[in-house]
Amino acid sequence: MRDSTPQGFTLLELLIGIVVLTVLASIAYPSYRDATIRSRRSDAVKALTQLQQAQERWRSSHPTYSDSLSELNVSSPASGYYTLSIAGADAGTFTATATTSGAQVADARCATLSVALAAGNVTYSSKDSDGHTATNCWSR
């Protein structure tokens, strides 16, 4: 005797499954993207910390802080998500900045992270892509 119950999926069941998957993906992807962008900020924090330490080593044997990454033997992170720069280096101050590049440019909320030394005080700051002060960019 032959079983007459149909096997497999109907087109309607398949379309409903696709719709459900699409809705789940549209909810999950932005959360994943935000988490990825936030996690990449650790590259900037690490690079700026290394640059700050290299500046202190340099200053221990020179009359001023360096304004050259090559003199400090420091380079932008190999990941390519940030570009480092130094500004205003003299005997008592310097400002090191990590600016988003590559895929990290999507991080418009924290486009630049900076560490500045002035009169012995270290200041951490960040700006969005429009140049306005941003908050919570240095939080871990």
Side-chain angles (χ1 to χ4, degrees):
M1 199 186 253
R2 188 179 229 177
D3 188 9
S4 64
T5 56
Q7 300 291 321
F9 296 104
T10 66
L11 180 60
L12 182 60
E13 291 170 332
L14 183 62
L15 289 176
I16 290 171
I18 290 172
V19 167
V20 168
L21 285 175
T22 304
V23 168
L24 289 174
S26 67
I27 293 169
Y29 180 71
S31 296
Y32 167 76
R33 186 170 173 236
D34 289 345
T36 303
I37 285 173
R38 283 192 317 270
S39 71
R40 289 178 184 158
R41 286 187 203 140
S42 64
D43 284 354
V45 171
K46 178 182 175 186
L48 287 171
T49 301
Q50 289 174 340
L51 195 151
Q52 185 179 5
Q53 291 170 353
Q55 281 285 34
E56 293 303 330
R57 285 190 301 273
W58 177 269
R59 180 67 173 93
S60 69
S61 59
H62 296 84
T64 64
Y65 288 104
S66 176
D67 60 356
S68 168
L69 292 172
S70 60
E71 281 181 344
L72 298 172
N73 199 24
V74 174
S75 61
S76 295
S79 64
Y81 298 129
Y82 288 90
T83 304
L84 294 179
S85 62
I86 303 171
D90 61 24
T93 63
F94 74 87
T95 301
T97 303
T99 305
T100 57
S101 63
Q104 193 64 7
V105 171
D107 188 8
R109 192 173 72 77
C110 298
T112 61
L113 287 95
S114 298
V115 59
L117 175 81
N121 295 315
V122 177
T123 306
Y124 301 95
S125 62
S126 52
K127 295 188 184 273
D128 64 16
S129 59
D130 294 328
H132 300 106
T133 300
T135 58
N136 297 328
C137 294
W138 282 89
S139 61
R140 297 177 188 210

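Every heavy atom of this structure was used, including side-chain atoms; hydrogens, water molecules and symmetry mates were not. If you're wondering where the values come from, they're calculated on a predicted model, not measured in any experiment. The first residue in the sequence is number 1, and the count goes up from there.
Residues Ser31 and Asp34 bring no donor and acceptor atom of their side chains to less than 3.5 Å of each other. No side-chain donor-acceptor contact under 3.5 Å links Ser68 and Ser66.
Between the CD atom of Gln53 and the CD atom of Gln50 there is a distance of 7.0 Å, given to the nearest 0.5 Å. Separating the CD1 atom in Ile27 from the OG1 atom in Thr22 is a distance of 11.0 Å, to the nearest 0.5 Å. Atom SG of Cys110 and atom CG of Asn136 lie 8.0 Å apart (nearest 0.5 Å). Between the CD atom of Gln104 and the OG1 atom of Thr36 there is a distance of 9.0 Å, given to the nearest 0.5 Å.
With hydrogens and angles disregarded, a donor-acceptor distance shorter than 3.5 Å links the side chain of Ser101 to the backbone of Gly80. When atom types are taken as modelled, the side chain of Ser76 and the backbone of Leu84 share a donor-acceptor pair closer than 3.5 angstrom. With hydrogens and angles ignored, the 3.5 Å screen pairs no side-chain donor or acceptor of Thr95 with any backbone N or O of Gly88. For Arg59 (side chain) and Ala91 (main-chain N/O), a donor-acceptor pair under 3.5 Å exists by modelled atom type. The backbone N or O of Asp130 lies less than 3.5 Å from a partner atom in the side chain of Asp128, making a donor-acceptor pair. A donor-acceptor distance shorter than 3.5 angstrom exists from the side chain of His62 to the backbone of Trp58, with no hydrogens or angles considered.
Screening residues 99-113 for salt bridge (Lys or Arg N to Asp or Glu O under 4.0 Å) gives Arg41-Asp107 as the qualifying pairs, with residues at least two apart or on separate chains.
Between Ile86 and Gln55 the shortest heavy-atom distance is CG2-NE2, 3.8 Å. Taking every heavy atom of both residues into account, Ala119 and Thr93 meet most closely at N-CG2, 4.4 Å. For Ala44 against Leu113, the heavy-atom pair with the smallest separation is CB-CD1, 4.3 Å.
Following chains of ILVMFWY side-chain contacts shorter than 4.5 Å, one cannot reach Val105 starting from Tyr81, and the two form parts of different hydrophobic clusters.
Counting only heavy atoms from C-beta outward, the side chains of Phe94 and Asp67 never approach each other to under 4.5 Å. The side-chain heavy atoms of Tyr82 and Thr100, taken from C-beta on, include a pair separated by under 4.5 Å. Two residues are said to be in side-chain contact when any heavy atoms from C-beta on lie closer than 4.5 Å; Leu51 and Leu69 meet this criterion. Put simply, the side chain of Val19 does not reach to within 4.5 Å of the side chain of Leu15, judged on heavy atoms. The closest side-chain heavy-atom distance from Val122 to Leu117 is below 4.5 Å.
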